[in-house]
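Here the structure comes first, spelled out in structure tokens, and everything after it is commentary.
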Amino acid sequence: MPWLETKDPYKIWISEIILQQTRVAQGWSYYERFIERFPDITSLHKTQESEVLKYWEGLGYYSRARNIKKAADQIFTTYHGKFPDTYETLLSLPGIGPYTASAIAGFAYDLPYPVLDGNVARFLARFLAVESPPLEPSGKKIITDFLAPAIQETKPSAFNQAIMNFGALICKPAKPNCHECPFTSGCKAYQLRLTDQLPVTLPKKEKSNRYFHYFILYNPKTDSTVIQQRSGKDIWQHLYEFPLIENESEGPLPKQKSDVLLSVFDIDSDAEQPLLAIHKTQNLTHQKIHFNIQIFLWNGLIKDKTGLYQTVKVSNLSSFGFPVTLANMVTQLENMNGSTIKEKQQNDVM
DNA sequence: AATACGGGGAC
DNA sequence: GTCCCAGTATT
């Protein structure tokens with residue numbers, strides 16, 4: 001972990017944001033690349049949000065990237081580039097909640113704020129036999145009241161690191177290593193044989209299905225295609241995507257709907273068939289996305305005055321941040337490098 | 001208090 | 001398939 005070798009609050013901040021709801025194994029390479037490109041507040045302040053999102057591509061929870069950019073701008077202007085060094089000012093920054101504020105306060109400044117992440121919550125929910133979900137307000141209070149005096153007894157950074165590691169390595173979600181645990185004599189869950197029933201979890205909700213029909217329009221003459229940036233409050237905010245029609249139900253898109261979009265790009269669906277149609281699904285926490293991706297040949301015309309669509313070279317696509325499923329499509333497109341599509345086009349003519 | 005927000009790895 | 005991860009913001 002960065003804080004094992006640095007007290008730089010900037011690096012600690014970035015690593016903590018990346019590791020929110022993200023395992024070290026998944027986030028570590030992102031951290032290294034991110035720090036290399038953005039070594040400090042100034043470098044983040046000088047770039048565009050879209051580049052930060054590109055570096056976040058594939059990590060998920062993209063509000064983290066958007067908020068990192070916001071917070072960096074705030075630190076640059078409001079705090080003149082000096083990283084905030086109190087719990088309250090840290091907490092006031094976008095993307096920094098109670099956990100991250102405590103983590104930075106402890107690791108960078110040795111301030112005694114106990115961290116309460118998933119690992120700590122699980123350990124203390126068992127140790128204290130907390131009856132409510134440990135991250136709900138009531139359970140959270142019980143745990144925080146227990147930790148607040150405890151962290152005063154020792155070095156905050158060591159305390160926080162140790163208690164999180166303990167939860168991750170010993171007091172694991174399933175099959176905790178109680179035989180290696182030095183706290184069994186004080187652990188209520190262990191005494192009551194409730195270790196596999198705690199912590200209490202909330203009932204899970206059903207996830208919704210969504211049907212995304214993407215149109216990849218390929219202009220072989222210029223080796224270019226069309227993308228747009230996602231707006232609104234929906235998933236993947238500010239990431240890029242291909243022209244999209246979302247359908248309410250499973251199955252093929254009604255011809256009338258696709259014709260409306262295709263006509264914007266001067267494509268007659270009766271004359272032009274997709275070169276390729278790809279189906280994929282992607283499981284997210286709250287929804288299952290069904291992708292239907294079609295590649296069409298395109299003459300380069302856009303009959304749309306909103307300016308929401310932008311034409312880009314295929315060779316330039318990878319400079320934009322896409323949702324992971326579309327990022328994989330981009331990789332495929334680049335590998336085709338136009339030649340496969342042209343080949344396919346010739347085969348169709350013959 | 002409930003809900004949305006991504007993606008992947010462990011089981 | 002299910003669970004859940006060094007959580008936060010919004011409603």
Side-chain angles (χ1 to χ4, degrees), chain A residues 1-4 11-31 53 56-68 70-71 90-108 113-123 125 132-140 157 159-169 171-176 196 199-208 210 230 232-239 241 280-289 291 321-328:
Chain A
M1 295 303 191
W3 54 81
L4 293 177
K11 286 185 181 171
I12 293 169
W13 171 48
I14 298 299
S15 72
E16 289 301 340
I17 301 294
I18 286 178
L19 292 177
Q20 285 170 7
Q21 297 291 287
T22 305
R23 288 186 169 78
V24 176
Q26 187 188 353
W28 193 249
S29 64
Y30 283 84
Y31 171 77
L53 282 170
W56 216 264
E57 182 182 85
L59 247 193
Y61 283 163
Y62 297 94
S63 66
R64 294 182 293 176
R66 298 192 301 269
N67 282 332
I68 276 180
K70 271 194 212 167
L90 289 167
L91 190 60
S92 75
L93 293 169
I96 296 187
Y99 164 77
T100 307
S102 297
I104 298 173
F107 292 130
Y113 293 89
V115 291
L116 179 43
D117 72 336
N119 295 310
V120 178
R122 182 174 55 252
F123 169 35
S132 53
L135 291 176
E136 293 285 294
S138 60
K140 200 169 173 175
S157 57
F159 181 89
N160 280 338
Q161 191 192 329
I163 199 167
M164 284 193 284
N165 278 342
F166 182 80
L169 299 175
C171 203
K172 299 182 296 181
K175 297 184 184 173
D196 58 348
V200 175
T201 58
L202 266 25
K204 59 176 185 291
K205 281 148 305 202
E206 210 168 314
K207 65 173 67 174
S208 57
R210 298 179 72 179
R230 286 182 68 84
K233 295 185 176 178
D234 201 2
I235 190 175
W236 303 324
Q237 192 178 127
H238 295 186
L239 268 65
E241 66 183 355
K280 289 175 185 296
T281 60
Q282 186 177 1
N283 260 303
L284 307 179
T285 304
H286 294 284
Q287 47 189 307
K288 183 172 185 175
I289 313 277
F291 289 87
F322 288 86
V324 73
T325 299
L326 297 183
N328 292 335

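The sequence lines fix the lettering, A, B, ..., with proteins before strands; numbering per chain opens at 1.
- Atoms OH and CE, on A:Tyr31 and A:Met1 in that order, are 10.5 Å from each other to the nearest 0.5 Å.
- Remark: A:Gln21 is in phosphate contact with C:dG7, judged by side-chain N or O atoms under 4.0 Å from OP1 or OP2.
- Rounded to a whole angstrom, the distance from the P atom of C:dT8 to that of B:dG8 is 22 Å.
- As judged by a 4.0 angstrom heavy-atom cut-off over every strand, A:Arg122 is placed among residues touching the sugar-phosphate backbone only.
- B:dA4 and C:dA6: their P atoms are spaced 24 Å apart (whole Å).
- Of the two residues near DNA chain C, A:Lys70 and A:Ser63, the one whose nearest nucleotide lies more 5' is A:Ser63.
- Between the side chains of A:Lys207 and A:Asn283, at least one donor N or O sits under 3.5 Å from an acceptor N or O.
- Nucleotides of DNA chain B nearest to A:Thr22 and A:Ser138 differ in position, and the one nearer the 5' end is that of A:Ser138.
- Between the OH atom of A:Tyr30 and the C1' atom of C:dC5 there is a distance of 15 Å, given to the nearest Å.
- In this structure, A:Ser15 reaches neither bases nor backbone, as no heavy-atom distance under 4.0 Å exists between it and the strands shown.
- Between the side chain of A:Arg64 and the backbone N or O of A:Gln20 there is at least one donor-acceptor pair closer than 3.5 Å.
- Per the geometry, CG belonging to A:Leu135 stands 15 Å off P belonging to C:dA9, to the nearest Å.
- When heavy atoms are screened at a 4.0 angstrom cut-off, A:Gln282 is found touching the sugar-phosphate backbone but no base atom.
- Per the geometry, CG belonging to A:Leu116 stands 14 Å off C1' belonging to C:dT8, to the nearest Å.
- Put simply, CD on A:Gln26 is 14 Å from C1' on C:dG7, counting in whole angstrom units.
- Within the 3.5 Å criterion, the main-chain N or O of A:Cys171 finds a donor-acceptor partner in the side chain of A:Arg122.
- The residue A:Leu91 sits apart from the nucleic acid: no heavy atom pair falls under 4.0 Å.
- Using a 3.5 Å distance cut-off with no hydrogens or angles, the side chains of A:Tyr99 and A:Glu16 do pair a donor with an acceptor.
- Mapping A:Phe322 and A:Lys205 onto DNA chain B by nearest heavy atom places A:Lys205 at the nucleotide closer to the 5' end.
- Across all strands, A:Gly58 comes closer than 4.0 Å only to sugar-phosphate atoms, never to a base (heavy-atom distances).
- Counting 5' to 3', DNA chain B first comes under 4.0 angstrom of a heavy atom of chain A and last does so at the ends given by B:dA1 to B:dG8.
- Backbone-only engagement by A:Val324 is indicated by non-hydrogen atom pairs under 4.0 Å involving sugar-phosphate atoms exclusively.
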Step by step, would you call A:Tyr113 with A:Asn160 a side-chain contact (heavy atoms from CB on, under 4.5 Å)? CA-CA 8 Å; A:Tyr113 293 89; A:Asn160 280 338; 5.8 Å; no

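- Residue A:Lys175 contributes atom NZ, which lies 15 Å from atom P of C:dC4 at whole-angstrom precision.
- In this structure, a donor-acceptor pair under 3.5 Å is absent between the side chains of A:Gln237 and A:Ser63.
- In this structure, A:Ile96 reaches the sugar-phosphate backbone alone: every heavy-atom distance under 4.0 Å involves primed, P, OP1 or OP2 atoms, never a base.
- Rounded to whole angstrom, the span from the OH atom of A:Tyr31 across to the P atom of C:dA6 amounts to 17 Å.
- Rounded to whole Å, the distance from CG on A:Asn283 to P on C:dT2 is 9 Å.
- At a threshold of 4.0 angstrom between heavy atoms, the contacts of A:Gln237 with the nucleic acid are absent.
- Rounded to a whole Å, the CG atom of A:Leu284 is 16 Å from the C1' atom of C:dC5.
- Nucleic acid contact class of A:Asn165 (heavy atoms, under 4.0 Å, all strands): base.
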Would A:Leu116 and A:Leu135 satisfy side-chain contact (heavy atoms from CB on, under 4.5 Å), going step by step from the backbone distance to the final call? CA-CA 8 Å; A:Leu116 179 43; A:Leu135 291 176; 4.0 Å; yes

